[in-house]
Amino acid sequence: MTLTALAFYLFATVSVASAFMVISARNPVYSVLFLILTFFNSAGLFVLMGAEFLAMILVVVYVGAVAVLFLFVVMMLDIDFAELNEGFLQYMPIGATIGLILLLELLLIFGASTQLVSQSALPQATPEGMTNAEAIGRVLYTDYIYYFQAAGAVLLVAMIGAIVLTLVKSENPRRQSIAAQNARRREDGVELVDIEPGQGL
Amino acid sequence: MLANVTLLLPELVLFIGAMGLLMVGAFATTDATRVIEYGAISLLLIAAIASWLQGDTVAQLAFGGSFIVDAFSAFMKTLTYLTTAVVIIMARGFMQNENLARFEVPVLMLLAAVGMGMMISANDLIALYMGIELQSLALYVLAAIKRDSLRATEAGLKYFVLGALSSGMLLYGASLIYGFSGTTNFAGIAQAFTVENGILPLAQVVGMVFLLAGLAFKISAVPFHMWTPDVYEGAPTPMTAFFAAAPKLAGMAVFLRVVISAFPDALAAWQQIIIFISIASMVLGAFAAIGQTNIKRLMAYSSIGHMGFALVGFAAGTEDGVAAVILYMTLYGVMTLGTFACILSMRRDSGMVEQVKSLSGLSQVRPFMALCLAILMFSLAGIPPLAGFFGKLFVFHAAIDAGLYGLCILGVLSSVVGAYYYLRIVKIMYLDPPADEANDPMPRELSIVAGALAGVCLLFFVYPSPLIDLAASAGQALIDMPAPDALLTGLFEATDAR
């Protein structure tokens, strides 16, 4: 039990601290790396709650895809971050207000949560005798097959759309020709030239 | 499980067919656009026939109650698929001339049609959202398909951003409704809410308003219409024809389904919302179109106005009202497609034209095109004995029966105002001197489509009963759904059987 509590405080502290670093780091690449750290620690918190499937999804989707995409964007786009950071203080009041409202809402929920739990039987996150990945798998491809396939269709359309709107077919693409590469002999590509000292080619 | 698949047959045919055509297009060594267009048209015809054959059955549920097939869904799907097929036929020439003939276009239109079918058959909030997103995402891409044009990309981006906003509103409403009812199934929602004197509890009303706002956006009803003129003007004309016809049919169908099967007892709560957006759409559609010089923009305002007229019948909330909406949407689809077939023929040696004034004196140069367009304009204005008049007659009749006199008076008045800009086009074509540069002759497929649809509008009054009967039985299927209890037990049986 103490081990669980210890793990919780470790994950919680690190994720809050690294979330703070995400917005305060000067170098955007550091921001993204701290974001990845936050994701990993949140995944740890999910594991502690018994939602290991969600934890794995968080790591795979957010760290594996989203954060890496961020990193690419940050590295590829030449953004002047000093200029972006200039307006930071200007937006401080509105950010603080939103934060305050969220805090109040959280406190309200903490106050009401004991009542809510007693009112209704909450669904079990981990059904008897199986892991929750297995439990999701059992309904995802049976009861929810229609939604699952529909989501797949939406993603297919997104993929076709991205290709249709951005792919530029070049007139003369220089594709790799393996046959031509293999057919090339040493004699075709290499020429030995005797050069007299001090003459040059 | 097999019964589920049989009910889904039309959508499965379209979806699997679309993936097959995509493979053909991607791996074909020569340009396969022509073949894929024919393939898409035949798939849509097959799907239309398959949905038509589902029309006789009583309401059936599939996939744990998330997908419903009844006479209403069968009729609306048949209509939507046929509309999409006609648009693909109309688009061919334009896409070729404008260098836009790419094999992905018919494939995306097929996938949009799958989304529309899913919307029409949705019986569950998640299924509804999935259908809407599949449809919308394909439409965003089609709007921006002319990617070298600034206006088209702007149209696509605007459509995308505002569409995402509307999806957000829809999801927010759906989450509130789910939170308070504990189910996403329409029949379950109807059962979970206690309704007193037709009024829902406040929180549920908020959820319903957000849901309806998201849906009103999809049919471009005022005050969620802002995207329509810009998108219609910027998108390539065949895509505008598509946006104006098929998604409107599907959107109106899903609007009817959600309100009637999820909030059947809360008439007083949703009726006032429908009355408001109906009046606002009719009035804005009538007045804002007067000053338009671009015919695509004019058609955008005209379509906003027509959504208002269709909603008049819906505001009645009766079986006759729903049947009138279905009939109105059918005739609206016919008139819109016919008009766009004429707009697509507005081509000269120098290229496509979109200005209203470039139609001047058309009757002397291209009498057939002018005649078709004139018939369609008279029909859109609602002048008897053309088809548009009957559409308006039935919706107003239903509203009068429900005692909504104020709504009807405003509707008739805005119809009179709207007649001005439709008749102005007829006047420009018949009374003004011909333009400097003559219009090219109508391409064959466009003249067939425009002639046939104008003929339908002209001769509808001779033998209107089949269509009226079909609309009535579709409306009856929607209103007389088995009681929520009966559908819910069906749901559990379906789940157990598996």
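The sequence lines fix the lettering, A, B, ..., with proteins before strands; numbering per chain opens at 1.
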Residues, nucleotides or ligands: over 12 heavy atoms within 6.0 Å of [X] [atom1]:
X: L150(B); atom1: CG; answer: no
X: I94(A); atom1: CD1; answer: no
X: D188(A); atom1: CG; answer: yes
X: F94(B); atom1: CZ; answer: yes
X: Y62(A); atom1: OH; answer: no

| said: If we define contacts as heavy-atom pairs under 4.5 Å, which of E104(B), M19(B), E11(B) has the most with chain A? | reply: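 Counting heavy-atom pairs under 4.5 Å, the top option is E104(B).
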| Under a 4.5 Å heavy-atom cutoff, which of G156(B), G131(B), S136(B), A127(B) has the most pairs with chain A? |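 Top count of heavy-atom pairs under 4.5 Å with chain A: A127(B).
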Distance (rounded to the nearest 0.5 Å) between [X] [atom1] and [Y] [atom2]:
X: Y146(A); Y: M130(B); atom1: OH; atom2: CE; value: 10.0 Å
X: F63(B); Y: Y147(A); atom1: CZ; atom2: OH; value: 10.5 Å
X: S66(B); Y: I145(A); atom1: OG; atom2: CD1; value: 11.0 Å
X: I145(B); Y: L165(A); atom1: CD1; atom2: CG; value: 6.0 Å

| said: If the contact rule is any heavy atom under 4.5 Å from chain B, which residues of residues 153-160 of chain A qualify, in numerical order? | reply: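 Contacts with chain B: A153(A), V154(A), L156(A), V157(A), A158(A), I160(A).
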Using non-hydrogen atoms and a 4.5 Å limit, figure out which bit of [X] sits close to chain A: side chain, backbone, both or neither.
X: Y129(B); value: neither
X: L111(B); value: side chain
X: L142(B); value: neither
X: L137(B); value: both

| said: Can you confirm whether L8(B) sits close enough to Q149(A) that some side-chain heavy atom of one is under 4.5 Å from a side-chain heavy atom of the other? | reply: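 Sidechains of Q149(A) and L8(B): no contact.
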